[in-house]
Amino acid sequence: MKAMLRSIRFSAEVLGVSTFTIRRLIAAGQMEAVNIGARRLIPEAEIERVAAQGVGRSKPKISMKSTVS
């Protein structure tokens with residue numbers, strides 16, 4: 001099973017924070033990301049981990065399950 005990678009924008013929307021906050025979390029080592037070319041992508045499992053820790057909204061705005069086909 002492949003890990004789904006998501007953009008910083010998508011991650012910010014799901015967590016209910018700004019893209020700046022996502023970049024700050026990555027820079028502080030509080031959120032993992034992978035670089036693919038010029039893009040920085042975040043594994044879905046990492047988004048779920050950060051959401052479970054209480055960053056952002058109490059309930060996600062977008063369900064990641066509804067975006068997976």
Side-chain angles (χ1 to χ4, degrees):
M1 179 184 234
K2 285 187 175 181
M4 292 292 296
L5 299 174
R6 300 296 186 171
S7 68
I8 288 177
R9 176 186 257 168
F10 179 88
S11 303
E13 288 177 12
V14 168
L15 295 172
V17 298
S18 69
T19 56
F20 179 79
T21 299
I22 298 296
R23 292 178 193 282
R24 185 180 51 79
L25 291 171
I26 293 167
Q30 296 175 343
M31 185 175 214
E32 291 185 33
V34 283
N35 294 328
I36 298 180
R39 296 188 72 193
R40 183 169 276 184
L41 301 171
I42 303 163
E44 278 189 354
E46 186 66 4
I47 298 168
E48 292 171 2
R49 184 191 67 77
V50 171
Q53 289 181 345
V55 175
R57 292 185 180 98
S58 58
K59 291 185 180 178
K61 180 178 177 183
I62 301 171
S63 171
M64 287 193 301
K65 290 184 181 179
S66 66
T67 62
V68 177
S69 23

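These numbers were taken from a predicted model, which means no experiment stands behind them. Numbering of residues begins at 1 and proceeds along the displayed sequence.
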**Student:** Only distances under 3.5 Å count here; give the side-chain donor-acceptor pairs of residues 30-43 to other protein atoms, sequence neighbours excluded, each with its distance to 0.1 Å.
**Tutor:**
residue : atom : partner : partner atom : Å
N35     : OD1  : R40     : NE           : 3.1

**Student:** Once rounded to the nearest 0.5 Å, what's the spacing between atom CD1 of I22 and atom CZ of F10?
**Tutor:**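 That separation rounds to 11.0 Å.
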**Student:** List the residues meeting side chain to side chain donor-acceptor pair (under 3.5 Å) with R49, not counting sequence neighbours, and say none if there are none.
**Tutor:**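 Partners of R49 under the side chain to side chain donor-acceptor pair (under 3.5 Å) test: E46, Q53.
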**Student:** Let me check something: do V50 and I26 share a hydrophobic cluster, defined by ILVMFWY side-chain heavy atoms less than 4.5 Å apart, either directly or through other members?
**Tutor:**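 Result: yes, single cluster for both.
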**Student:** Tell me every residue that passes side chain to side chain donor-acceptor pair (under 3.5 Å) with S18, counting only those two or more places apart in sequence or in another chain.
**Tutor:**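 Once residues adjacent in sequence are excluded, the partners of S18 under the side chain to side chain donor-acceptor pair (under 3.5 Å) criterion are T21.
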**Student:** Residues in side-chain contact (heavy atoms from CB on, under 4.5 Å) with R23, at least two apart?
**Tutor:**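 Here the qualifying residues are I8.
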